[in-house]
Amino acid sequence: MISKGIIVIPAELTEKFKELLISYYEGKEEKEIREFIKEKCYMKI
């Protein structure tokens, strides 16, 4: 099954998202940013 959705970063969470994104790009943490996006930023369409 393929899910369709969009990622929307709420304004109040942009700083946290930036921190997680930097950590992800530096190869430090993937699980945390995945969970953050899934729980706080993903909207099904």
What pairs with Lys18 under side-chain contact (heavy atoms from CB on, under 4.5 Å), at least two apart in sequence or on another chain?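 Listed in chain order: Glu15.
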
Separation between CD1 (Ile9) and SG (Cys41), nearest 0.5 Å, reads 3.5 Å

Could you tell me the separation between the CD1 atom of Ile22 and the CZ atom of Phe17, rounded to the nearest 0.5 Å?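 One finds 10.5 Å between CD1 of Ile22 and CZ of Phe17.
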
So does Leu13 have more than 12 non-hydrogen atoms from other groups sitting under 6.0 Å from CG?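 Buried by this count: over 12 neighbours within 6.0 Å.
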
Evaluate whether atom OH of Tyr24 has more than 12 neighbouring non-hydrogen atoms of other residues, nucleotides or ligands under 6.0 angstrom away. no

Pair listing, side chain to side chain donor-acceptor pair (under 3.5 Å) test, anchored in residues 34-45, at least two apart: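 The answer is Glu30-Arg34.
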
Co-members of Val8 in a cluster of I, L, V, M, F, W and Y side chains, linked at under 4.5 Å: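 The other cluster members (ILVMFWY side chains, heavy atoms under 4.5 Å, direct or chained) are Ile6, Met43, Ile45.
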
Are any non-hydrogen side-chain atoms of Lys16 and Phe36 less than 4.5 angstrom apart? yes

Can you list the residues that meet the salt bridge (Lys or Arg N to Asp or Glu O under 4.0 Å) rule with Glu12, with sequence neighbours excluded? none

Identify, with sequence neighbours excluded, every residue that meets salt bridge (Lys or Arg N to Asp or Glu O under 4.0 Å) alongside Glu19.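 Partners of Glu19 under the salt bridge (Lys or Arg N to Asp or Glu O under 4.0 Å) test: none.
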
